[in-house]
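I have placed the structure first, in the form of structure tokens, so that the comments after it can refer back to it.
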Amino acid sequence: MSSFFRDIIRGDNHTREQIETMLSSNGEEKKMLFKAASEIKERYVGKKVYYRGLIEFSNVCGKNCLYCGIRRGNRNLERYNLTDDEIVEAALFAYRNDYGSIALQSGEIESDTFADRVEGLLKRVMEATDNSLGITISLGEQEPAVYRRWREAGARRYLLRIEASDPSLYKRLHPDDGHHLFKRRVESLNTLKELDYQTGTGVMIGLPWQKISHLANDIIFMRDMDIDMCGMGPYIEHADTPLIDETTSLMPLPDRFDLTLKMIAVLRIVMKDINIAAATALQAIDPVGREKGIMVGANIVMPNITPGKYRDSYKLYDNKPCTDDSAEDCKMCLEARLGITNAEIGYGEWGDSLHYKRRKEAIGG
Ligand code: SAM
Ligand code: SF4
């Protein structure tokens, strides 16, 4: 077994070349990588897995990202918008079942009406659940004043994936219409940090035109940004998107899956105390994909608690799993599945990012 590779894993302040070496590992070296990531996770953030009950409350989106099934330009789907009562009811399901946290996600809408609605909703959810749920939101790019209002209304974490940290790759994945700007995405992440959100980002893995060097730079981007949380998963095609034309140039799904596991493991080695989610998209490729993510460094799962009748319409990519299930089905199923990972479930706990806590302590906050 290569002691050179072992030294890289044990090292600190990894260079881009070292990160590429880890991402390119196979055979015994890959096993070593996964084992090291799992040990680091246990040492730095513990054995527990924390839940974020995911409420995908609307698939209405003002944007047109070229990879996404709910992009504005896709007319082949029914648009839905949960009522406020339905959202509060879903949050109550998380509360009653001791999930500890919820995540509210939707298409990106920038309007006063939307900003007011989310602010009101956050307040209602907080009140209905005795201020006891940790709330993550993932609602795209917004003005700083809107982020501030939502933070004050009760959201503690924000997930905004950079999608691809290379500005030219980002440009190829988004329409050139002045509404999909890399610069604004980075500025939004900085604003979220300034506003004291636990800030999360992430990328898709296996995108058209993406190389290993891009992914190594994505890891460095996240380290430089000093993020608190990460959610990243494989890119999966959707037939009704412009990127479907690039399918023949993609690596096969099992390879995208494998590379995603390596990205999780490497990120855990590089950023030891952050929260890392095992994305649902992993399960679209492998029936125990999320569990495999947990075993190589992830410590967050997002059980879907969106009312079942709407799930089929939040299809970001083809073969999205569990669209026929209810929140109750997901609970039973996930508990059984996580049993195989040797992880404990942090029922009733927020499972905040330890990295965020340390970051705050370092600045005397
Ligand atoms: N609209 C918000 C935003 O874009 O930040 C939040 C919801 S958006 C649907 C959540 C994530 O879905 C995106 O950040 C993107 O990474 C992921 N996604 C979209 N299309 C995908 C695809 N075809 N394969 C895998 N993930 C996809
Ligand atoms: Fe809209 Fe988000 Fe999909 Fe882009 S990724 S089209 S912003 S839902």
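In what follows, residues are counted from 1 in the order of the sequence shown. All ligand and atom numbering here is 1-based and tracks the order in the structure.
For atom 12 (O) of ligand 1, the closest heavy atom belonging to the protein is L316 CD1, 3.5 Å. Of the protein's non-hydrogen atoms, Y314 OH, 4.4 Å is the one closest to atom 8 (S) of ligand 1. From the protein, the heavy atom lying nearest to atom 21 (C) of ligand 1 is M204 SD, 3.8 Å.
When the heavy atoms of P234, A284, G62 are ranked by distance to atom 25 (C) of ligand 1, first place goes to P234. Atom 4 (O) of ligand 1 has its nearest heavy-atom neighbour, among R185, R161, K63, in R185. When C65, S106, G140, G107 are checked for heavy-atom proximity to atom 6 (C) of ligand 1, S106 turns out nearest.
Counted by atom type alone, H355 and D226 present one or more donor-acceptor pairs between their side chains at under 3.5 Å. For the residue pair E86 and Y310, a side-chain donor N or O sits within less than 3.5 Å of a side-chain acceptor on the partner. Side-chain contact of N217 with S165: a donor-acceptor pair under 3.5 Å is absent, judged by distance alone. Looking only at atom types and distance, the side chain of N59 has no donor-acceptor partner in the side chain of R79 under 3.5 Å away.
By the criterion of a heavy-atom distance under 4.0 Å, neither the backbone nor the side chain of A281 is placed next to ligand 1. At a heavy-atom cutoff of 4.0 Å, ligand 1 is contacted by the side chain of E163 but not by its backbone. Heavy atoms of L316 found under 4.0 angstrom from ligand 2: none, in either backbone or side chain. Residue contacts with ligand 1 for Y158 are absent, since no atom lies close enough (heavy atoms, distance under 4.0 Å). Counting heavy atoms closer than 4.0 Å to ligand 1, residue H238 contributes nothing at all.
Taking every heavy atom of C61 and a limit of under 4.0 angstrom, the matching atoms of ligand 2 come to 1 (Fe), 6 (S), 7 (S), 8 (S).
For atom 2 (Fe) of ligand 2, the nearest protein heavy atom is 4.0 Å or more away.
Between Y235 and ligand 1, no pair of N/O atoms sits closer than 3.5 Å. Ligand 1 has an N or O atom lying under 3.5 Å from an N or O atom of I236, backbone or side chain.
Using 4.0 Å as the threshold, S138 has a heavy atom nearer than that to some atom of ligand 1.
None of the N, O or S atoms belonging to C65 lies under 2.8 Å away from atom 1 (Fe) of ligand 2.
For residues 45-58, the set of pairs meeting the side-chain hydrogen bond (donor to acceptor under 3.5 Å, both in side chains) definition, not counting sequence neighbours, comprises K48-E349, R52-S101, E56-N304, E56-K320.
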